[in-house]
Q: 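The following block contains the structure, expressed as structure tokens.
Atom set for the values below is all heavy atoms of this structure, side chains included, hydrogens, waters and symmetry mates excluded.
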Amino acid sequence: KDGELITKKSSTNRADSRYRLNGRSELARVARGEIAHSWEANHLVYPLLSGVDIIGILSATFPRAENERIAAHPESRSAIKAVMKNVTMIVGLAIHNRELFAEVERQAIIDPLTGLLNRRYMDRALRTEFRRAERYGRELVLIIADLDHFKEVNDTFGHAQGDVLLGQIAAMLRENYREQD
């Protein structure tokens, strides 16, 4: 909050508690994008990017003995940094793609005008619910409503007013059904 990064305290990872610092810490600076990465003592930190947004941090902690070997061979440090940078790019891209897929999937089943689930979702849900009702020997109720004379509303008042009316009806429906309905 307000530029501060708080990590979950873990009894198994002292590096986590080490970074429970204020917004001036190296980790917080990486998280805000002020610096590209941090190699503080035996801890290497890179940001996870989703597009241009920093969505997380990837960190690696090296045992002290390993850190001393790395320090003795600068080319090792460069190679490790390159691997970490590539890993964060791949993981960040995977997360970004997952988020994009979820948004496209959401858009495919939500009507943009009303915000209600659409026919594509209904077809899928009905197949599932029919199978569930059959499997458990339960009844299934399906209510289909039609707006009488809606074409006349569009013809008389225009499609913009028809859209407003559909939005109001959708709001009324959302207020009166349960999440599982």
Q: Taking C-beta and beyond as the side chain, do Thr114 and Asp111 meet within less than 4.5 Å on heavy atoms?
A: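 A side-chain contact exists here, since the closest heavy-atom pair is under 4.5 Å.
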
Q: Measure from NZ or CZ of Arg124 to the centre of the six-membered ring of Tyr121 and say whether it is under 6.0 Å with the direction within 45° of the ring axis.
A: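 No; the conditions do not both hold, so Arg124 does not lie above the ring face of Tyr121.
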
Q: May I have the step-by-step check of side chain to side chain contact (heavy atoms under 4.5 Å, CB included) for Val87 and Leu58, ending in yes or no?
A: CA-CA 9 Å; Val87 168; Leu58 182 67; 3.6 Å; yes

Q: Return the CZ to CZ distance between Phe130 and Arg135, rounded to the nearest 0.5 Å.
A: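 Here the interatomic distance stands at 14.5 Å.
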
Q: What is the distance from atom CG of Leu166 to atom CG of Leu173, rounded to the nearest 0.5 Å?
A: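 It comes to 10.5 Å.
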
Q: Any side-chain to backbone donor/acceptor pair from Asn118 onto Arg120? Under 3.5 Å, distance only.
A: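 Yes; judged by distance alone, with no hydrogens or angles, the pair exists.
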
Q: Enter the distance from Glu105:CD to Ile109:CD1 here, rounded to the nearest 0.5 Å.
A: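 Rounded to the nearest 0.5 Å, the CD-CD1 separation comes out at 6.5 Å.
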
Q: Test Glu134 against Arg131 for salt bridge (charged side-chain N to carboxylate O under 4.0 Å, His left out), laying out the working first.
A: CA-CA 5 Å; Glu134 188 175 70; Arg131 277 184 257 148; over 6 Å; no

Q: Verify, without hydrogens or angle tests, whether Asp163 (side chain) and Leu113 (backbone) share a donor-acceptor contact under 3.5 angstrom.
A: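 No: the side chain of Asp163 does not pair with the backbone of Leu113.
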
Q: Is a salt bridge present between Glu129 and Arg132, judged by a nitrogen-to-oxygen distance below 4.0 Å?
A: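 Salt bridge flag = yes for Arg132 with Glu129.
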
Q: Tell me if a side-chain donor or acceptor on Thr156 pairs with a main-chain N or O of Val153 at a distance below 3.5 Å.
A: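 No, because the side chain of Thr156 does not come within donor-acceptor range (under 3.5 Å) of the backbone of Val153.
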
Q: Does this structure show an ion pair linking Asp155 with Lys151, if we count only N-O contacts that are shorter than 4.0 Å?
A: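 Salt bridge: yes.
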
Q: One pair to check against side chain to side chain contact (heavy atoms under 4.5 Å, CB included): Lys81 and Tyr46. What are the steps and the verdict?
A: CA-CA 9 Å; Lys81 284 181 180 180; Tyr46 270 87; 3.4 Å; yes

Q: Please step through salt bridge (charged side-chain N to carboxylate O under 4.0 Å, His left out) for the pair Arg119 and Asp123, ending with a clear verdict.
A: CA-CA 6 Å; Arg119 168 77 185 263; Asp123 289 344; 3.1 Å; yes

Q: Within a strict 4.5 Å, meaning less than it, do heavy atoms of the Leu116 and Ile110 side chains meet?
A: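 No. Closest side-chain heavy atoms not under 4.5 Å.
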
Q: Between Arg98 (side chain only) and Leu93 (backbone N and O only), is there a donor and an acceptor less than 3.5 Å apart?
A: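 It does not hold such a pair.
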
